[in-house]
Amino acid sequence: SLAVESARAAGHAVVAMVRDRQSAAALRLRALGAKLCVADLKNAKQLDTAVRGITTVIVTATAPLSRREGDSLEAVDGLGLQTLITACIQNGVRHVVLVSFSRGIDADTPLSRFKRAAERRLESSAMEYTILLPSYFPEKFMTPLVGFDVNAKRVRIYGDGTRPISYVATSDVAHLAALCACEPVGRGASMGALGRIYPNGDLELALTIRTFAVAAGQIHLWVGGGIVWDSDPAAEVEESLVKARPLLEAIGAPLEVAVA
């Protein structure tokens with residue numbers, strides 16, 4: 001519902017896939033202005049109908065958030081995600097935004113294997129795709145269920161207590177998913193290293209921190225900065241503009257921005 005709220009706030013039409021039109025969650029989605037579509041990740045025919053005519057799909061579903069009978073990791077995060085991706089491909093969906101989880105969480109579990117398989121499927125498809133890799137959600141992990149009982153003043157520390165853990169708010173990830181869904185091209189792989197590896201072991205690499213994406217006759221560029229607790233908003237905006245200016249000037253499209 002948070003992703004729907006963000007997309008609706010931006011003025012976009014939203015179709016929300018639900019399993020029960022009368023559930024509390026479905027009623028909240030309808031109140032936000034979303035059109036409801038009844039479908040289950042375990043039903044290929046329903047998924048085919050649900051994505052028909054849709055240009056962008058945001059995928060947030062996962063079995064650990066469900067308590068329904070039959071909602072196993074294999075049925076939802078495994079076969080279910082693969083079936084949904086197949087339906088998107090067959091129905092000409094342009095862009096899929098998948099909310100997975102950080103690759104820095106390196107535990108070899110059924111959930112991680114299913115999520116990584118879905119990521120690879122998107123990466124090998126011809127669709128535009130954006131894969132979000134958030135860390136732990138405090139709303140889920142900072143609860144008594146996993147040892148964070150604030151009211152009782154008890155906290156369980158996992159491991160030896162020396163490894164920092166990063167958290168990200170569910171609402172922030174939902175907002176980002178909605179923003180990505182509204183972009184004309186998928187983020188795909190937005191940074192990494194590009195270059196040569198020679199037979200003798202030498203490397204010649206360049207970091208692709210800022211890259212152009214060309215789609216449908218248009219050139220797209222993303223820039224940004226690292227936000228910390230004492231960041232100055234105006235300075236962060238200017239840093240982004242400094243990064244963008246030389247690239248845009250190189251293609252004959254100088255940047256003209258007025259910052260209030």
Side-chain angles (χ1 to χ4, degrees), residues 1-10 12 14-19 25 28-29 32 34 37 39-42 47 50-51 54-66 68 71-89 93-107 109-125 127-143 165-183 185-191 222 224:
S1 64
L2 291 171
V4 170
E5 183 177 358
S6 295
R8 290 294 299 145
H12 299 286
V14 176
V15 177
M17 193 176 83
V18 299
R19 292 189 287 187
R28 286 196 299 271
L29 293 171
L32 291 171
C37 174
D40 192 311
L41 279 176
K42 304 188 297 294
L47 292 177
V51 302
I54 301 297
T55 58
T56 302
V57 173
I58 300 177
V59 186
T60 62
T62 184
L65 300 181
S66 173
R68 289 200 178 195
D71 284 351
S72 65
L73 284 173
E74 183 175 6
V76 177
D77 297 88
L79 182 60
L81 287 184
Q82 293 294 330
T83 304
L84 176 57
I85 294 172
T86 296
C88 290
I89 293 171
V93 171
R94 182 185 61 82
H95 185 188
V96 174
V97 179
L98 171 67
V99 179
S100 185
F101 65 89
S102 172
R103 293 173 186 173
I105 303 173
D106 56 1
T109 64
L111 178 62
S112 66
R113 291 193 290 272
F114 292 140
K115 291 296 189 185
R116 303 307 177 225
E119 294 169 20
R120 291 192 296 270
R121 179 82 183 283
L122 288 177
E123 291 168 346
S124 64
S125 76
M127 295 185 295
E128 299 283 351
Y129 67 89
T130 302
I131 299 171
L132 300 181
L133 301 169
S135 184
Y136 299 99
F137 295 126
E139 299 91 342
K140 305 298 181 184
F141 288 89
M142 287 187 170
T143 63
I165 298 176
S166 62
Y167 294 91
V168 61
T170 306
S171 58
D172 288 343
V173 176
H175 184 60
L176 180 58
L179 287 175
C180 292
C182 299
E183 292 182 335
V185 295
R187 291 294 182 102
S190 59
M191 66 173 56
W222 296 277

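We're numbering straight along the sequence, starting at 1.
Rounding to the nearest 0.5 Å places CD of Q82 at 11.0 Å from CG of D77. Between the OG1 atom of T62 and the CZ atom of F101 there is a distance of 9.0 Å, given to the nearest 0.5 Å. Atom-to-atom distance recorded for L73:CG and S112:OG is 10.0 Å, nearest 0.5 angstrom. To the nearest 0.5 Å, atom NZ of residue K115 and atom CG of residue L133 are 11.0 Å apart. Atom-to-atom distance recorded for R19:CZ and D40:CG is 5.0 Å, nearest 0.5 angstrom. To the nearest 0.5 Å, the span separating OG1 on T130 from CG on L176 amounts to 8.5 Å.
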*asked:* Between V4 and R28, is the side chain to side chain contact (heavy atoms under 4.5 Å, CB included) condition met? List the steps.
replied: CA-CA 10 Å; V4 170; R28 286 196 299 271; over 6 Å; no
*Go through the steps for T56 and R94 under the test side chain to side chain contact (heavy atoms under 4.5 Å, CB included), then give the verdict.*
CA-CA 6 Å; T56 302; R94 182 185 61 82; 3.6 Å; yes
*asked:* Apply side chain to side chain contact (heavy atoms under 4.5 Å, CB included) to residues L84 and V51 and explain how you reach the verdict.
replied: CA-CA 9 Å; L84 176 57; V51 302; 3.9 Å; yes
*Under the side chain to side chain contact (heavy atoms under 4.5 Å, CB included) criterion, do V173 and V168 qualify, and how do the steps go?*
CA-CA 7 Å; V173 176; V168 61; 3.9 Å; yes
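Heavy atoms only, all atoms of each residue included: A16 and A34 are closest at CB-CB, 4.2 Å. Residues Y167 and F137 share a closest heavy-atom pair of CD2-C, 4.3 Å. What you find for S100 and P134 is that their closest heavy atoms are O-CD, 3.4 Å. A pairwise comparison of heavy atoms in R116 and S102 identifies NH2-O, 2.9 Å as the closest pair. Closest approach of L47 and G80 over heavy atoms only: CD1-O, 4.3 Å. When every heavy atom of L41 is checked against every heavy atom of A61, the shortest pair comes out as CD1-CB, 3.6 Å.
Under the rule for a ring pair (Phe, Tyr, Trp, His ring centres under 6.0 Å), the partners of Y136 that lie at least two apart in sequence or sit in another chain are F141. Listed by chain and residue number, E139 satisfy the side-chain hydrogen bond (donor to acceptor under 3.5 Å, both in side chains) test with T170 (two or more places apart in sequence, or in another chain). Remark: T86 pairs with R121 by the side-chain hydrogen bond (donor to acceptor under 3.5 Å, both in side chains) rule, at least two apart or across chains.
The existence of a salt bridge linking E123 and R120 is excluded, since no basic side-chain nitrogen approaches an acidic carboxylate oxygen closer than 4.0 Å.
Taking 4.5 Å as the limit, some side-chain heavy atom of L132 sits within range of a side-chain heavy atom of C180.
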